[in-house]
2 protein chains.
Amino acid sequence: MAERAVNNPIGTGESLLFLTDEQLRRGIEAMFFAYRGFTADPDRILQNYEYGRAHHRAIHFINRTPGTTVNNLLSILGVTKQSLNRVLRSLIADGLVESRVGVQDKRERHLYLTETGAKLERELSEAQRNRMRAAYRNAGPEAVAGFRAVLEQMMDPEMLRHFQAGMDT
Amino acid sequence: MAERAVNNPIGTGESLLFLTDEQLRRGIEAMFFAYRGFTADPDRILQNYEYGRAHHRAIHFINRTPGTTVNNLLSILGVTKQSLNRVLRSLIADGLVESRVGVQDKRERHLYLTETGAKLERELSEAQRNRMRAAYRNAGPEAVAGFRAVLEQMMDPEMLRHFQAGMDT
DNA sequence: AGTTTATGTCAGTCTTGTTGACTTTCCAAG
DNA sequence: CTTGGAAAGTCAACAAGACTGACATAAACT
């Protein structure tokens, strides 16, 4: 087994993985450089609106789960409520997000995109999807499955929970 | 073709890719959540040293290419020199990085990790490699190849250049 | 000699994260 | 029923790390 592994460092067959520090380092740098590309297009667009990445994240997840509460958004984004609040305040003031007091629990605020908010969301996600689509196409179908599998394994358990929660919506 | 594509959205066979916005959205969120996991361990460690992610990045690439110049580091990291300078200044002051005046071109500063710097680098990269290794193992060999292929496709051309430059070192 | 390049620094701003203190609302134990 | 704590959200102040712009120095190039 050890011998086969040496001959097939990251073989595609039935061999086990034999991973050198060097190969792992390349994976790490791939993540670093790719994430830059991943955020580049939305970042460019956001400058025209005087918003930042934090606004993009809020808009994305409010769009994914309309009516989500501030608290739920907090645990998804992993920031403090004060930090998120500043972002939400500006989005609400600018009329991109609507905040409705909860019916059952009046402490909660349920968040929705307005038509303006949905329009920005589409502009941002279209740019990001175009890049993702191009990457998927050029890499091929098997690569996409592998990409998703490794990324899932890289998540912390709670992040994985949030990720999978978005599957059944 | 359209029919087969519908039946095999991201088939592994000879079918072309048929990508719904929903599938692309999952890929986008996978990147978001996975990047958090990717940086979680180093971030935790860095708190003990009163450093941030910016210091980690500098340390990583100085370790990858010892003797690199400030200018080269700038184009890899994609930040302004003022921003990088603040980070380098503190690392040099704390004795983790050494800056040597260039021999041929005395305007250049060549950067090296000291023994202390190399020690922190090992601590950080070990944590990050462990996570990457675990993700690779759980996802399997074919997944790793796909992961790398998609990430490369996601990079901007200049990032890809820097990424590939690190292959032959 | 004059220009460009590589680096460093000062000052000021912006985004986005943090902690601390506060209000409103809900719920449950006495 | 009341009261005290927990939960959700808001306001204020601060810190890290990015940015721009201006300027300085030294070395290299033309």
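Reminder, nothing fancy here: chain letters follow the sequence lines and each chain counts from 1.
- Taking atom CD of A/E50 as the reference point, atom P of C/dT15 lies 7 Å away to the nearest angstrom.
- Two residues are said to be in side-chain contact when any heavy atoms from C-beta on lie closer than 4.5 Å; B/L113 and B/V97 meet this criterion.
- In this structure, the CG atom of B/N85 is 19 Å from the P atom of D/dC23, given to the nearest Å.
- One finds a salt bridge joining B/R129 and A/D21 here, because a Lys/Arg side-chain nitrogen approaches an Asp/Glu carboxylate oxygen to under 4.0 Å.
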**Study point:** Verdict with supporting geometry, A/Y51 and A/H56, side-chain contact (heavy atoms from CB on, under 4.5 Å)
**Key:** CA-CA 8 Å; A/Y51 289 139; A/H56 181 195; over 6 Å; no
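- Counting non-hydrogen atoms under 4.0 angstrom, A/H110 reaches nothing in the nucleic acid.
- A straight line from CZ of B/R57 to P of D/dA16 spans 16 Å, rounded to a whole angstrom.
- In this structure, of D/dT20, C/dT16, D/dA8, it is D/dT20 that holds the atom nearest to the side chain of B/Q82.
- Listed by residue number, the members of residues 86-103 of chain B with any heavy atom below 4.0 angstrom from DNA chain C are B/R89.
- As a whole-Å value, the separation of A/L111 CG from D/dA8 C1' is 12 Å.
- Distance from the side chain of A/D105 is smallest to C/dC26 among C/dC26, D/dG9, D/dG17.
- A/E108 has its CD atom 22 Å from the P atom of C/dT23, to the nearest Å.
- Counting only heavy atoms from C-beta on, A/T80 has its side chain closest to C/dT18 among D/dG9, C/dA6, C/dT18.
- Distances shorter than 4.0 Å separate some side-chain N or O of B/N71 from OP1 or OP2 on C/dT7.
- Checked against C/dC26, D/dC19, D/dA28, the side chain of B/R107 finds its nearest nucleotide in D/dA28.
- Contacts of A/K106 with the nucleic acid, taken as non-hydrogen atoms under 4.0 Å apart, involve only primed sugar atoms and P, OP1 or OP2.
- Using the six-membered ring where Trp is involved, B/F61 and A/F32 have ring planes that are tilted, between 30° and 60° apart.
- Between B/E29 and B/R26 there is no salt bridge, since none of the side-chain N atoms of the basic residue sits less than 4.0 Å from a carboxylate O of the acidic one.
- Side chains of A/Q153 and B/F147 form no contact here, defined as non-hydrogen atoms less than 4.5 Å apart.
- Hydrophobic clustering (side-chain heavy atoms under 4.5 Å, transitive across Ile, Leu, Val, Met, Phe, Trp, Tyr) keeps A/L73 apart from A/Y112.
- Rounded to an integer number of Å, the gap from NZ of B/K81 to C1' of C/dT9 is 9 Å.
- Spacing between atom CG of B/L46 and atom C1' of C/dG17 amounts to 16 Å, rounded to whole angstrom units.
- At the heavy-atom level, B/Q47 lies nowhere under 4.0 Å from the strands shown.
- Straight-line distance from the CG atom of A/D43 to the C1' atom of D/dA18: 12 Å, rounded to whole Å.
- Projected onto DNA chain C by closest heavy-atom contact, A/H55 and B/T69 fall at different nucleotides, the more 5' of which corresponds to B/T69.
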